[in-house]
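Quick notes on the structure that follows.
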Amino acid sequence: MTVPFDIAIIGAGPAGMAAAHEANSLGLSAVVIDEQNAPGGQIYRNVQRVIAERPEDIRILGTEYACGNGLADGMQSSGIKHLAGHMVWQIERDGTVWCSDGNKAKRIQARTVVLATGAMERPMPVPGWTLPGVMTAGAVQILMKSAAMIPDGPVVLAGSGPLLLLVADQLIQSGARLAAIAETTSFSHYLAALPKLPKALSAMEYLKKGLQMRRRIKASGVPIISGISGLRINGGAKATGITFKAGGRTHTIAAETVLLHQGVVPNTQASRQLRLDHGWHDTQHYWYPKTDVFGATSEEKVFIAGDGAGIFGAMAAEVSGRLSVLQIASHLGVIDVAERDRKAKPLFSEKHHHDAIRPLLDALFPPPAEILNPRDDATIICRCEEVTAGDIRKAASLGAPGPNQLKAFLRAGMGPCQGRMCGLAVTEILAAALGKSPVDIGAYRIRPPLKPLSLAELADMDTDPGTVTSSSL
Amino acid sequence: MLKRRHSDSEVVAITVDGVAVEARAGESVAAAVLVSSSEATRTTPVSESPRAPYCMMGVCFECLMEIDGVANRQACMVQVAPGMRIQRQLGARDLRGAE
Amino acid sequence: MPISTAHKNYDVAVIGGGMIGPALAIGLAERGMKVCILDEGDDVLRVARGNFGLVWFQGKGFGMPRYVEWSRRSAKLYPSFAAELKENTGVDIGHANPGGLELLLGDEELAHRRHFIGQIYQQGGGNEYEVEFLDRKQTESMLPGIRLGDEVVGASYSPIDGHVNPLFLLRAMHTRFQQLGGTYLPHHRVSGVVKNGQAYDLQTAAGTVSAPKVVIAAGHGLRELGPPLGLNIPIRPQRGHILVTERTQQILPMPMSAFRQTREGSIMLGVSAEEAGYNDMVDTATIAKIAQRAGRIIPALRNLNIVRTWAALRVLTPDKCPVYQESQSHPGIYAVASHSGVTLAAVNAKVASGWIADDPAPEEFEAFSSERFNAQKTA
Ligand SMILES: Cc1cc2nc3c(=O)[nH]c(=O)nc-3n(C[C@H](O)[C@H](O)[C@H](O)COP(=O)(O)OP(=O)(O)OC[C@H]3O[C@@H](n4cnc5c(N)ncnc54)[C@H](O)[C@@H]3O)c2cc1C
Ligand code: FES
C-alpha cells in the first residue's frame, strides 16, 4: 500500500514554508517541492547562506530579508520533506504532481495541493528590451542575494513600483554606479493615492520609509526623473543606454546595464494549467486565480497561497500559507471547524493588516498604458518567437478572437518561456485592438510541461501510481 | 557586465566556450558567465539576435545555454560545479551526430 | 433579436472557422458568392489548432475506395493551392511533398501494416496505389544522418505524402477568405437554425444572420446543430496527444506519420488515440508513451526538450471516412464532417465547394453520404 502525502506544497517561498510549518504542527504529512536549491523563494533567496557566510550584507539586503532565515531553518529542522532542485512540470487535479530533478522525472501522490508558486516581475516590453545588458531590477536583486554581484559600469533603472527604488538604494549601498532612475510614476499618481491613505494604517509608515529612501538616493547624487514616457533602450549588439521623454524634452542616458521594473504579477502558469477560474485585476492589470479566504480554488483539492493568488507581499503570503493548511486539515478531519476558526481568527486579522497597504500601492504604481499596450509597432512582445506589437494588431484585424487563435496564427507564446513573457501584453493588445475587456479576451491555455522537460526523462519515467509517496521518500 | 563584491568564497573552476573561468561556490551558471564577459549568452533560433539573461528567476528563458553537453538549460537555475563545461548557443541546436 | 451588424444578403453562411469551413468558404467566394463564416470565440475545441499538419495519403480510405481517391486528389491539388495562397496572402503555409514514411518497430508491426495496406490496395480493384514497403536499409538511405533505433525493421512509404504548417494554413485561409470579400464573424456561436421564407436564420447571441444556403462545418458542433435539421450524423470525439520539441537544425527530410519537423525547426511527435469523451486535458501516461516510442525509433530525439504538449479531439465518423451530406428535410443545408481536414483542405476549396455552389455533385459524393450509417444499422 502506498500512502499519499496529505499535502504537496509547490514553492518554498514565504507562503510555501509557512504552509509547511502549519502542516507540521498539525501532524499532516507534507512535501515541499521547489526548483531552487535552497528554501526562501524570491524574497528570501539564499538567506541561510548569506547569514552564515556574509552577515554584513544584511545591512544592505535589509532586516526583513533576514526574517526569512527563521522560516527556512524551521522548515528544514521539521519533519517536512523538502525536494529542493525539483521542477514541477505537471499537476493533476486529483493531487498527482510530476516533477524532475533534471535527470529523472518523478511522480508524487498527494491528497491536496497547495500552489505557492509566487509572482514574477511584469514583463516590460519597450523597444530594445531584448538587448543583452537589459535585465529586470529583481534580477539584479537576485544576483546581490545569491552571489553578492552588482553591475560593473554605469546602471540606469527605469519603470515604477516599490522594488525599483529599493533595488536602486541597495545598489548604491553596494557601491554600484547609478547614472539615473527614470520613473514612469508621476506626481499625479501621488495625488491619486492620497484618498487611499486613511484606509491603510501602515500607509504612513510606508510612505515615510519611501520618502527617506528617495532622499537618501538623491543625497548620493543619483538623479530621479519622474513622469517619464516613450521609454526605449538604445544599442545594437548590447544596450548602451535609454532615451525617454520627461518634462517636455527628450533625455538620453548612457549606461551599460539597464534595469527595468514595473511591479510584480502572479505567475499563473500552474493555475492555468489546472484550468482554475481566474479573475482580472482592473488597476494592476493582471490575472489571478479566484480563491476564497482560505485559498480554496475552483478545484476541490487545489489551494493557492501567497502572491500566486494576487500580489499582497511576503508577510501576507505567510499568513495565507497557514490559512490554506488549516482549511485542508479541517477537510481531512484532522481538526474540526471550531478549531479551524479559532486558529484562523488571528491570522485573518493579521492578513487584513498586511492587505491594507495594497490600495495605496495600486494607486501609486499603476502600470502605464504604453507598457500594457506598446504603441510602437516594432516593439517585440513575444521574445522567444520575436513577434511584434504590430504583428499582433494585424492578426486582430484578421479576426483572431483571442490569444489562442493568435498563438496559432503567429506562434506567439510557443517558445520555451511558454507565454510567460508575452501573455499579459497579448491580452491587453488584443483587448485594445478589438475594443473588448481583457476578461472577454482571455488568456493562453497552458498545458504540461510547465517547463521544458527532456524527451528521455518523459520516456523513462515510471508512470505507475504512487512512485514517490510519503512512505517511499 | 557584473562584478563580485566579495571574492573570498571558494573558487569553482569551470569553462565557458572552452576558456577557463573562475566561478564561486553557490553562484548560478548565468551569474558566473555574466561576470566573465558582457557578450550575449546566446543568439535566438529565430533570427540569431543576441540575448542575455533577463529575469534570473527562471521565467524568461533568455539564459538558455549548453551545460555539460546538455543544450537549452536555464543557466540561471543551475549552480556551478567544478569542471562544468558551459557553451553559448548560437541559433538552433544541431542534433546531427547526437546519440 | 437584433440583426447582426449590417451583415445581410449572404448567399451562403458557413458555420465553423476551423479547417473545413474556411476551405469551403474560399471556394465559394472564388465562385463569386457572398459568404460569411460564423465562428465561436477563442477558448474552444478547435481541432484546426490542435492537429499535426500532415497531408497524408497512405493508409487512408480503408473500406472506402472513393476516399482513397479523394485524399490523392487533394494531395495533388496541394502544390497549386499552396502557391495560390502564398501569392495572394504572402503567407507561406510551408507545404512540402517529399513523400512520407511510417516507421515500423519489430516484425509484428511490419506484418500488421502489410496486411492493412494490402487490404486497401485490394479494395481498389488493382488500380494503382502508391504505397510501398522499405526494409531497414532502404529506410536508412531515405534518412541520411539519422541513426534509427535497433528495433526499426522498415517502413511503409508513399511519395504522395507531405505536410504543411497547419497554423499558417489556417491563417492563410482566413486572410484569403477576407481578401475575396468574405466576412468572418468570431464570437458568433450558432445556437439554432430556422427556416425563414426562402432563407435560413442562424441564431447567435450576437444577432441573427440569414442566408439561403448554410454549411455546417462546425466540427463537434454538428452533434447539436445537425439533428433538428435532419442531419443525424454519428460523430464522436477521439482524443489525440501531440508533443512538440524545441527548435533544432533541420534533420528530418520528410514527415513520418508519428513525427515531422516543422520549417521553424521544432519536431512534432504524435499521435495517440483514446476514447475520452470531450475531455481534452493532457494525460501524463499517454505523453510518456509517445515519448518512449519516439526514442525507440530515433534515439537522438531523446536529447531534445519537450516544450509543449496538448490533446485535441478528432471528429470521427464510425468508419473514419468523411461525410458530405445535404439535408433532405432542409434543402440548402449541407453538413461536412471529417477527420483529416488539413489533407482535404485543397480538395474542399477547389472541388467540394462546387457541390454547395450547385455544380453537379462530384461522383464521389454518393459514397460520402451519411446514408451509409443508416444502411448499416438496418442491415
Ligand atoms: C524578482 C522579484 C524580486 C522581489 N523583491 C522583493 C523585495 O525586495 N521586497 C519585497 O518586499 N518583495 C519583493 N518581491 C515580492 C515578494 O517576492 C513576494 O511578495 C513574496 O515572495 C511572495 O511569496 P510566495 O511564497 O507567494 O512566492 P515566492 O517567494 O515567489 O516563492 C515561490 C517559489 O515557488 C517555486 N516554483 C515556482 N514554480 C515552480 C515549479 N514549476 N516547480 C518547482 N518550484 C516552483 C519558486 O522557485 C519559488 O521558490 C519580489 C518579487 C520578485 C518576483
Ligand atoms: S534569466 Fe530568465 S530564465 Fe534564466
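Below, chains carry the letters A, B, ... as their sequence lines are ordered, and counting in each starts from 1.
Contacts between A/K394 and chain C at a heavy-atom distance below 4.5 Å are absent for every atom of the residue. For C/A311, the part lying near chain A is the backbone, with the side chain staying farther off; criterion is any non-hydrogen pair under 4.5 Å. No part of C/I290 comes within reach of chain A, as not one of its non-hydrogen atoms sits under 4.5 angstrom from that chain. In this structure, no portion of C/L169 lies under 4.5 Å from any heavy atom of chain A.
Ranking C/S266, C/A285, C/P186, C/A291 against chain A, the residue ahead of the rest is C/A291, based on heavy-atom pairs under 4.5 Å. Top candidate by heavy-atom pairs under 4.5 Å with chain C, chosen from A/E385, A/Q418, A/Q273, is A/E385. The most heavy-atom pairs under 4.5 Å with chain A, out of C/H187, C/R293, C/K289, C/R296, come from C/H187.
Listed by first and then second residue, the salt bridge (Lys or Arg N to Asp or Glu O under 4.0 Å) pairs that reach into residues 87-96 of chain A are A/R93-A/E299, sequence neighbours excluded. Among pairs with a residue in residues 435-459 of chain A, none fulfils ring-ring contact (aromatic ring centres under 6.0 Å, His included), at least two apart in sequence or across chains.
Under the 4.5 Å side-chain criterion, counting only non-hydrogen atoms from C-beta, A/R275 is in contact with C/M281. Counting heavy atoms from C-beta outward, A/M461 and C/T284 have side chains that approach closer than 4.5 Å.
Contact between C/D280 and A/R445 at its shortest, heavy atoms only, is OD2-NH1, 2.9 Å. C/T309 and A/P448 get closest at one heavy-atom pair: OG1-O, 2.5 Å. Minimum interatomic distance between A/F409 and C/R171 (heavy atoms only, all atoms of both residues): O-NE, 2.8 Å. Scanning all heavy atoms of the two residues, the minimum distance from C/R302 to A/A459 falls at NH1-CB, 4.0 Å.
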List the steps and the verdict of side-chain contact (heavy atoms from CB on, under 4.5 Å) for C/R308 and A/M414. CA-CA 8 Å; C/R308 250 170 316 126; A/M414 286 199 187; 3.5 Å; yes
Might you work through the side-chain contact (heavy atoms from CB on, under 4.5 Å) test for C/N303 and A/L455, ending with a clear yes or no? CA-CA 7 Å; C/N303 296 304; A/L455 185 124; over 6 Å; no
Walk me through it: do C/H174 and A/Q405 pass the test side-chain contact (heavy atoms from CB on, under 4.5 Å)? CA-CA 11 Å; C/H174 274 270; A/Q405 191 87 344; 4.1 Å; yes
Set out, in order, the CA-CA distance, both residues' side-chain angles and the distance that settles side-chain contact (heavy atoms from CB on, under 4.5 Å) for A/L458 and C/I306, then state yes or no. CA-CA 9 Å; A/L458 186 55; C/I306 301 297; 4.2 Å; yes
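The pair A/K407-C/D42 does not count as a salt bridge, with every side-chain nitrogen at least 4.0 angstrom from each carboxylate oxygen.
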